[in-house]
Amino acid sequence: MSTPPRQKRLTPADITALKGNRPIVSLTAYTTPIARILDRHCDLLLVGDSLGMVLYGMDTTVGVTMDMMVAHGQAVMRGVSRACVIVDLPFGAYQESKEQAFRNAVRLMKETGCDGVKLEGGAEMAETVAFLVSRGVPVFGHIGLMPQQVNTSGGYRSKGHSEAEQDKIRRDAKAIDEAGAFAMVIEGTVEPLAREITTTVKAATIGIGASPACDGQILVSDDMLGLFNEFKPRFVKHYSELAEVIEKAAEGYAAEVKERVFPGQEHTFQIRPKK
Ligand code: KIV
């Protein structure tokens, strides 16, 4: 595996240091060619377990495996020269014990060359976060709406609409901040709370369906590109309509094949004249 030199890329500490300076730009990436393009524009690329849904057609992220995360982490690392790259620990790879979390985090870092791992959870994961950080694993937290908990949390609805839910998210943010997370995703959380958390934690907050006041923003790249159109959550903005572009290209190709327009002479090989 050949990965670009470490010193050229942003570190998790660089990401935290951007807090209070300028907004942190992040997107998800899963493949080498897309990582190559996004790298020029992003501070942080997340190899998110959302790949289960956007690349593999799964209904949720629950079925994503460590092997999938390793393969896509390696692919993304082949395409970056600037961005900090974080790989998601998938469901079931860290909740059992802090030792299991460490083993799998180390596997992701060793086999992909990524800069750290992301895990979902608040107060209940704080001990694990502290265990990883104290042993050399940078941790990107994830609070608010946690897609890996979709089966116990009542679906993909936004969080923080009651006082009790707000208190829980506040406690979650404080717990993983004190445990040493360098940054945390705040997903699907009412705006004033995401704004408040950003002012109270040391970690950089990266919002998705949260607040423009977060220290940075992230979107699933296939959502942002208009490629994944199964559903469009309120917080998604399309910066392109790639699904339509691909549809048109496929339509044009199919028509030309049927009409024997493609391949043209210029796409074929003729026998070279003997010298
Ligand atoms: O898996 C993922 O892509 C994520 C982002 C949506 C933050 O967790």
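Order of listing sets the numbers, starting from 1, for every ligand and every atom in it. Fair warning: this is a prediction, and the values are worked out from it, not measured in the lab.
Counting heavy atoms under 4.0 Å from ligand 1, residue I208 touches it through the side chain alone. With a heavy-atom cut-off of 4.0 Å, D88 touches ligand 1 through its side chain alone. Counting heavy atoms closer than 4.0 Å to ligand 1, residue T28 contributes side-chain atoms (C-beta onward) but none from N, CA, C or O.
Placement of L45 and V25 in two distinct hydrophobic clusters is found when ILVMFWY residues are connected by side-chain heavy-atom separations under 4.5 Å, directly or transitively.
Neither side chain, T112 nor Q74, offers a donor N or O lying under 3.5 Å from an acceptor on the other. Between the side chains of E187 and T189, not a single donor N or O lies within less than 3.5 Å of an accepting N or O. With no hydrogens or angles considered, no side-chain donor-acceptor pair links S221 and Y30 at under 3.5 Å.
Every atom of ligand 1 with a heavy atom of H142 under 4.0 Å away is listed here by number and element: 8 (O). Against a heavy-atom cut-off of under 4.0 Å, L46 is close to the following atoms of ligand 1: 2 (C), 4 (C), 5 (C), 7 (C), 8 (O). Interface of G48 with ligand 1, defined as ligand atoms under 4.0 Å from a residue heavy atom, comprises 1 (O), 2 (C), 3 (O).
Ligand 1 lies out of reach of E120, whose nearest heavy atom is not under 4.0 Å from it.
Paired with R36 under the rule side chain to side chain contact (heavy atoms under 4.5 Å, CB included), one option of I34, D39, T32 passes, and it is T32.
Cation-pi check for R135 over F131 is met; the charged atom lies under 6.0 angstrom from the ring centroid and within 45 degrees of its normal.
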